[in-house]
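FYI, side chains are in, hydrogens and waters are out, and symmetry mates aren't considered; it's all heavy atoms of this structure. What you see is a predicted model; the values in this text were computed from it and never measured.
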Amino acid sequence: MDTFRNFIDSSLPDRKGGDILYRFKVKTLNEMNERYKEVSSRGINNEKVLKDLVISEHENIKSDYFNYLREESAKRTAKRRIILNISGSIIYIIALVILFLGISFSTKEWSQTWVIMVDGILLWVSYMLTLGVAVITKKLKRVFHFIARILLGLDVMVLTVACFIFALAVLDLPHSWTIVVGGVAMIFIADLIYALISKQRLVILNSLAYIPSICTMAYIILAAIGILSWGRGWLLIILGLAIDFILIASTLTKSRIEDEEAYEEWNED
């Protein structure tokens, strides 16, 4: 109806060529027409009353439009990101294969050039896992953040394997296996950082479990590469346990102080 169309045009911003605005106008007009038919079928015959009633139900049409615009823009941005990631992944893998074959045929060092392909794919997998962590953290509720933490752990492990392969096959570093041990420690560190930043519950329990484990991993690595002796380096484990005791004491003290303050406030009231 022209009345509804005029109401929509006068209420919304005039942006020529804006397809989102156009689609919202069509959507709103169809809803108003359907609502008019529905109300008129109930025995109300006064056309002006019917139109005013339908229009009154869309008094917030401008805010409805901006909400619609926000949602549609977010959907379009998400679609663009998906397309960019898919096309970028295809281009990356093709370029990786070309690079691998080019270097391999030119150097004949197939015993080492395979690392280009394997590590390249591992880096791509790490990127995908990082995207998964970001999307889950941003889009899903906190109860589902454990999935992001699992993906984060896999991400760190994939990067660790990539570094280990490069160090072993290309650099031929002694004690390359310590990179894997360090990767396990990094999983704990990354998860603890994520838990702190995203304010996960029971983060104190994570800290109590991770700190001695990280110190143990550090002891193994530092002793293996000769920075610490095996006979004295175990003190790092004791240090980790001492930090745990400090955390427990500080947490209990803080809890006791908060309880006392709450008790005093209650008595004052």
Side-chain angles (χ1 to χ4, degrees), residues 100 103 107 109-130 132-134 137 145-255:
F100 164 65
I103 295 177
T107 62
E109 296 290 338
W110 294 87
S111 61
Q112 289 187 330
T113 55
W114 63 271
V115 176
I116 297 174
M117 198 67 199
V118 174
D119 271 13
I121 294 298
L122 289 176
L123 291 176
W124 174 76
V125 171
S126 174
Y127 173 71
M128 291 292 113
L129 289 171
T130 302
V133 173
T137 303
H145 283 187
F146 75 94
I147 301 175
R149 296 173 73 174
I150 293 172
L151 294 182
L152 180 60
L154 291 174
D155 190 359
V156 174
M157 204 65 232
V158 167
L159 287 174
T160 299
V161 172
C163 293
F164 170 69
I165 291 173
F166 183 78
L168 182 66
V170 178
L171 301 179
D172 194 24
L173 293 177
H175 307 297
S176 298
W177 59 270
T178 57
I179 295 176
V180 178
V181 179
V184 176
M186 286 304 302
I187 290 176
F188 295 146
I189 294 172
D191 186 65
L192 187 57
I193 292 173
Y194 179 90
L196 288 170
I197 292 176
S198 58
K199 298 179 180 179
Q200 300 291 311
R201 294 179 179 178
L202 305 178
V203 66
I204 185 64
L205 296 181
N206 293 134
S207 302
L208 295 176
Y210 291 164
I211 290 174
S213 301
I214 293 170
C215 290
T216 302
M217 302 299 173
Y219 163 53
I220 294 172
I221 295 170
L222 295 175
I225 61 180
I227 294 179
L228 293 177
S229 66
W230 290 102
R232 295 182 179 180
W234 60 269
L235 292 173
L236 279 175
I237 302 176
I238 303 300
L239 176 63
L241 295 173
I243 295 173
D244 269 5
F245 283 120
I246 293 172
L247 282 176
I248 293 172
S250 62
T251 302
L252 292 176
T253 301
K254 181 180 178 182
S255 178

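Taking every heavy atom of both residues into account, L152 and V133 meet most closely at N-CG2, 3.6 Å. Smallest separation of non-hydrogen atoms from G132 and L151: C-CD1, 4.0 Å. The shortest heavy-atom contact between R149 and A195 is NH2-CB, 3.9 Å. A169 and Q112 make their closest contact through O-NE2, 3.4 Å (heavy atoms, listed as atom of the first residue, atom of the second, distance). Nearest heavy atoms, S207 versus L192: OG-CD1, 3.2 Å. When all heavy atoms of I179 and A167 are compared, the closest pair comes out as CD1-CB, 3.5 Å.
Judged by distance alone, the side chain of S250 and the main-chain N or O of L247 form a donor-acceptor pair under 3.5 Å. Without hydrogens or angle criteria, S176 side chain to D172 main chain gives no donor-acceptor distance under 3.5 Å. At distances below 3.5 Å, at least one donor-acceptor pair connects side-chain atoms of T130 with backbone N or O atoms of S126. Y219 places a side-chain N or O within 3.5 Å of a backbone atom of W230 that can act as its donor or acceptor partner.
Atoms CD1 and CZ, on I116 and F166 in that order, are 9.5 Å from each other to the nearest 0.5 Å. Here the OG1 atom belonging to T216 is positioned 4.0 Å from the CD1 atom belonging to I237, to the nearest 0.5 angstrom. Between the OG1 atom in T160 and the CG atom in L154 there is a gap of 11.0 Å [rounded to 0.5 Å]. To the nearest 0.5 Å, the span separating OG on S198 from CD1 on I193 amounts to 11.5 Å. Taking CG of D155 as the reference point, atom CD1 of I187 lies at 10.0 Å (rounded to 0.5 Å). Taking CG of D191 as the reference point, atom CD of Q200 lies at 8.5 Å (rounded to 0.5 Å).
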Go through I189 and Y210 one step at a time and tell me if the side chain to side chain contact (heavy atoms under 4.5 Å, CB included) criterion holds. CA-CA 8 Å; I189 294 172; Y210 291 164; over 6 Å; no
Check the pair I248, I204 against side chain to side chain contact (heavy atoms under 4.5 Å, CB included), reporting the backbone distance first and the verdict last. CA-CA 9 Å; I248 293 172; I204 185 64; over 6 Å; no
Side chain to side chain contact (heavy atoms under 4.5 Å, CB included), that's the test. Do I165 and W114 meet it? Break it down for me. CA-CA 10 Å; I165 291 173; W114 63 271; 3.6 Å; yes
I220 and T178: side chain to side chain contact (heavy atoms under 4.5 Å, CB included), yes or no, with the steps? CA-CA 8 Å; I220 294 172; T178 57; 5.8 Å; no
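The aromatic ring centres of W177 and F164 sit 6.0 Å or more apart.
Side-chain atoms of L123 and L159, non-hydrogen and from C-beta on, do get closer than 4.5 Å to each other.
Classification of the H145-Y194 ring pair by plane angle, with boundaries at 30° and 60°, yields perpendicular.
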